[in-house]
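Start at 1 with the first residue, then count along the sequence.
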Amino acid sequence: MIAAAAPLQIFDEIDSTNAEAGRRAARCEAGPIYLLARVQTAGRGRRGRTWESPAGNLFLTYLGATMRPPAEIALLGFAAGIALAEFCDDLLGPGRSKLKWPNDLMLDRRKAAGLLLESGALGDGRNWFAIGLGLNLAAAPPTDQPTVALAEFLPAVPAPEVAARDLAPRLAGWAGILECEGFEPLQRAWMARAYGVGEQVQVHLGGQSIRGALRGLSSSGELLVALPNGQVHVIAAGDIHFPAAETT
């Protein structure tokens with residue numbers, strides 16, 4: 001689903017690389033292409049949240065098209081998370097980065113990166129998709145949880161263009177594994193880096209929330225939470241919080 005040799009287009013400033021991908025898809029232009037912004041003026045994350053986008057951080061979107069169904073496209077978020085974790089661990093050391101469901105990369109229990117995956121129909125039988133990656137290389141703007149940048153751990157961080165070119169083959173590689181072997185290899189790789197397994201978690205599901213112990217991932221990417229009564233709740237979408245971590 002992801003072309004390893006997709007070209008990279010760089011913008012000095014743009015509202016949002018994912019927004020630009022959506023505009024191109026609306027014109028039936030679906031790449032494949034990487035879109036990189038040095039500065040975003042209207043960056044956004046999941047559920048319409050603002051993603052502050054200062055110069056020096058990575059703001060990258062891959063735009064592509066596929067005949068694969070939306071449910072399989074959604075699993076590309078796990079491929080992107082693993083690729084980001086590998087990139088960070090190569091700089092910081094093995095095992096430093098953790099993956100928090102559904103779309104965050106954590107360093108020392110603080111958010112260092114987020115993902116935004118969007119998709120839709122092109123009208124010719126294909127679906128377009130945009131995978132947005134935001135990584136705090138130089139600075140750690142505030143969000144609804146503690147944040148950190150790679151610059152806290154390194155004397156110098158890669159330029160965004162360098163990071164993008166390093167990430168591209170990793171993302172293509174994991175997407176290729178998904179296409180050829182299914183989700184199981186990604187599930188194993190993601191679980192090896194899973195953040196908070198065994199900890200108590202609170203999951204907000206629209207107007208309700210549940211509490212339990214985080215178990216991990218289902219065979220199709222849902223979050224598994226063990227409830228106090230012993231039942232396992234399968235969650236396809238929601239926001240998760242770790243009460244113990246947030247009170248320390």
Can you tell whether the side chains of [X] and [Y] come within less than 4.0 Å, N to carboxylate O?
{"X": "D89", "Y": "R96", "result": "no"}
{"X": "E29", "Y": "R23", "result": "no"}
{"X": "D108", "Y": "K98", "result": "no"}
{"X": "R24", "Y": "E20", "result": "yes"}
{"X": "R188", "Y": "E181", "result": "no"}

Should [X] and [Y] be counted in the same cluster of Ile, Leu, Val, Met, Phe, Trp and Tyr side chains packed under 4.5 Å apart?
{"X": "W128", "Y": "Y62", "result": "no"}
{"X": "V157", "Y": "V148", "result": "yes"}
{"X": "Y195", "Y": "L217", "result": "yes"}
{"X": "I177", "Y": "L115", "result": "yes"}
{"X": "L63", "Y": "Y34", "result": "no"}

Are any of the side-chain heavy atoms of [X] and [Y] separated by less than 4.5 Å?
{"X": "R211", "Y": "V201", "value": "no"}
{"X": "L105", "Y": "C88", "value": "yes"}
{"X": "H233", "Y": "V203", "value": "no"}
{"X": "L107", "Y": "R110", "value": "no"}
{"X": "L224", "Y": "I235", "value": "no"}
{"X": "N57", "Y": "L135", "value": "no"}
{"X": "V234", "Y": "L223", "value": "no"}
{"X": "R38", "Y": "E161", "value": "yes"}

Step-by-step side-chain contact (heavy atoms from CB on, under 4.5 Å) determination, L214 to E199: CA-CA 6 Å; L214 195 153; E199 296 184 25; 5.7 Å; no
Reported [atom1]-to-[atom2] distance for the pair [X] and [Y], which is rounded to 0.5 angstrom:
{"X": "Q200", "Y": "F242", "atom1": "CD", "atom2": "CZ", "answer": "10.5 Å"}
{"X": "L35", "Y": "I14", "atom1": "CG", "atom2": "CD1", "answer": "7.0 Å"}
{"X": "F183", "Y": "S219", "atom1": "CZ", "atom2": "OG", "answer": "8.5 Å"}
{"X": "Q187", "Y": "L178", "atom1": "CD", "atom2": "CG", "answer": "12.0 Å"}
{"X": "L171", "Y": "D166", "atom1": "CG", "atom2": "CG", "answer": "11.5 Å"}
{"X": "R170", "Y": "L167", "atom1": "CZ", "atom2": "CG", "answer": "7.0 Å"}

Distance-only donor-acceptor check, side chains T147 and Q145, under 3.5 Å: no
Going through the checks in order, is the side chain to side chain donor-acceptor pair (under 3.5 Å) test met by N18 and T61? CA-CA 6 Å; N18 262 48; T61 296; 2.6 Å; yes
Looking at [X] and [Y], would you say the former's side chain and the latter's main chain have a donor-acceptor pair under 3.5 Å?
{"X": "D104", "Y": "G114", "answer": "no"}
{"X": "N127", "Y": "T66", "answer": "no"}
{"X": "S119", "Y": "F129", "answer": "no"}
{"X": "W101", "Y": "G221", "answer": "yes"}
{"X": "D239", "Y": "H204", "answer": "no"}
{"X": "Q40", "Y": "T17", "answer": "yes"}

Side chain to side chain donor-acceptor pair (under 3.5 Å) between W174 and E86, intermediate numbers included: CA-CA 11 Å; W174 283 104; E86 289 182 339; 3.2 Å; yes
Heavy-atom neighbours of R215 CZ exceed 12 at 6.0 Å: no
Of the non-hydrogen atoms in [X] and [Y], which two are nearest, and what is the gap between them?
{"X": "L154", "Y": "L91", "answer": "CD2-O, 3.6 Å"}
{"X": "L36", "Y": "P160", "answer": "CD1-O, 3.6 Å"}
{"X": "P158", "Y": "F87", "answer": "CG-CZ, 4.1 Å"}
{"X": "A151", "Y": "A138", "answer": "CB-O, 3.7 Å"}
{"X": "L186", "Y": "G182", "answer": "CD1-O, 4.1 Å"}
{"X": "C28", "Y": "L122", "answer": "SG-O, 3.9 Å"}

Which pairs of donor and acceptor atoms, one on a side chain in residues 67-79, lie under 3.5 Å apart (sequence neighbours left out)?
unit_1: R68; atom_1: NH1; unit_2: E72; atom_2: OE2; d: 2.9
unit_1: R68; atom_1: NH2; unit_2: E179; atom_2: OE2; d: 3.4

Is there a side-chain contact (heavy atoms from CB on, under 4.5 Å) between L8 and R165 once you walk through the steps? CA-CA 8 Å; L8 174 66; R165 291 188 172 96; 3.7 Å; yes
Should L227 and V232 be marked as a side-chain contact (heavy atoms from CB on, under 4.5 Å) after you check the CA-CA gap, both sets of side-chain angles, and the distance that decides it? CA-CA 6 Å; L227 305 181; V232 175; over 6 Å; no
Under the criterion side-chain contact (heavy atoms from CB on, under 4.5 Å), I'd like the reasoning laid out for L99 against M106: C-alpha separation, chi angles, the key distance, then a yes or no. CA-CA 6 Å; L99 295 170; M106 311 292 285; over 6 Å; no
